[in-house]
Amino acid sequence: MTETPGTSRPTASDAATRAPRVSPNDIIRFLLEIVAVVSLAIWGFTMWPMPWPGIAFGIGAPLLAILLWALFLSPKAVFQLDAFGRALIEIVVMGSVAFAWWSMEQPYIAAAFALVATVSGVINGRSRI
């Protein structure tokens, strides 16, 4: 079968040059990740006595959240999980941020963060099905 002049098949280089599609929920999820890391750092530095427990939790908690997100939830995750595993890891990370705000006696911030993270997570989970 021959191709007609003027028509071409998409090549691998065409796919590489196309910009990825970014949805509004992707932007919200990115902002949630940034807020999560900053919130965990604030929690670690303010809720634990300084110097050593505060420094360890202030650096360790955000680092652990970043590590979990990179290994299991990022678009180029090292370990591919099913939907249940991804949801479980996301609940652990985002739930720990809501708990951190709650323990800092900021229940409205904790509730708002939990609500936005839950809605965004459900939308993201439904779009993957």
Side-chain angles (χ1 to χ4, degrees):
M1 203 159 123
T2 61
E3 290 186 36
T4 58
T7 62
S8 63
R9 294 186 177 148
T11 63
S13 64
D14 293 338
T17 59
R18 272 187 265 149
R21 296 181 58 188
V22 178
S23 71
N25 192 41
D26 292 334
I27 296 168
I28 291 170
R29 289 178 63 76
F30 176 72
L31 293 174
L32 283 170
E33 293 167 28
I34 299 296
V35 169
V37 170
V38 171
S39 298
L40 289 172
I42 291 169
W43 172 78
F45 286 122
T46 60
M47 295 303 291
W48 297 91
M50 291 302 251
W52 289 115
I55 292 173
F57 280 99
I59 295 172
L63 194 61
L64 182 61
I66 291 169
L67 182 66
L68 285 173
W69 201 273
L71 289 176
F72 299 108
L73 299 175
S74 73
K76 294 182 181 181
V78 177
F79 301 107
Q80 298 299 322
L81 297 176
D82 61 345
F84 179 76
R86 291 180 59 83
L88 186 63
I89 298 292
E90 188 169 348
I91 288 169
V92 167
V93 172
M94 296 301 178
S96 66
V97 174
F99 173 75
W101 281 111
W102 188 273
S103 71
M104 289 188 287
E105 299 179 357
Q106 300 293 330
Y108 295 117
I109 297 174
F113 182 85
L115 179 65
V116 173
T118 301
V119 170
S120 178
V122 168
I123 290 170
N124 186 55
R126 296 293 297 163
S127 68
R128 289 181 164 269
I129 294 177

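This one's a predicted model, so the numbers in the text were calculated from it and none came from an experiment.
In this structure, the side chains of F72 and E90 stay at 4.5 Å or more apart for every pair of heavy atoms. For the pair D26 and S23, the minimum side-chain heavy-atom distance is below 4.5 Å. With a 4.5 Å cut-off on side-chain heavy atoms, L32 and S120 count as touching. Between M104 and I42, some side-chain heavy-atom pair lies under the 4.5 Å cut-off. Under the 4.5 Å side-chain criterion, counting only non-hydrogen atoms from C-beta, W69 is not in contact with I89. Under the 4.5 Å side-chain criterion, counting only non-hydrogen atoms from C-beta, L73 is not in contact with L68.
One hydrophobic cluster, built from ILVMFWY side chains closer than 4.5 Å, cannot hold both M47 and I55; they sit in different ones. At a threshold of 4.5 Å between side-chain heavy atoms, the hydrophobic network of Ile, Leu, Val, Met, Phe, Trp and Tyr places V78 and L64 in one connected group. When hydrophobic clusters are built by joining Ile, Leu, Val, Met, Phe, Trp and Tyr residues whose side-chain heavy atoms come closer than 4.5 Å, directly or via intermediates, M50 is grouped together with I59. The hydrophobic cluster containing V37 does not contain V35, counting ILVMFWY residues as joined when their side-chain heavy atoms lie under 4.5 angstrom apart, directly or transitively. Cluster annotation: V92 and L67 are assigned to distinct hydrophobic clusters (Ile/Leu/Val/Met/Phe/Trp/Tyr, side-chain heavy-atom contacts under 4.5 Å, transitive).
The minimum heavy-atom distance linking A98 with A110 is given by the pair O-CB, 3.3 Å. The minimum heavy-atom distance between A65 and L40, with the atom names listed, is CB-CD1, 3.6 Å. Residues F45 and G54 share a closest heavy-atom pair of CD2-O, 3.6 Å. The shortest non-hydrogen separation linking P49 to P53 is O-CD, 3.3 Å.
A distance of 11.0 Å separates OG1 in T118 from CD1 in I123, rounded to the nearest 0.5 Å.
By the 30° and 60° cut-offs, the orientation of the rings of F57 relative to W43 is perpendicular.
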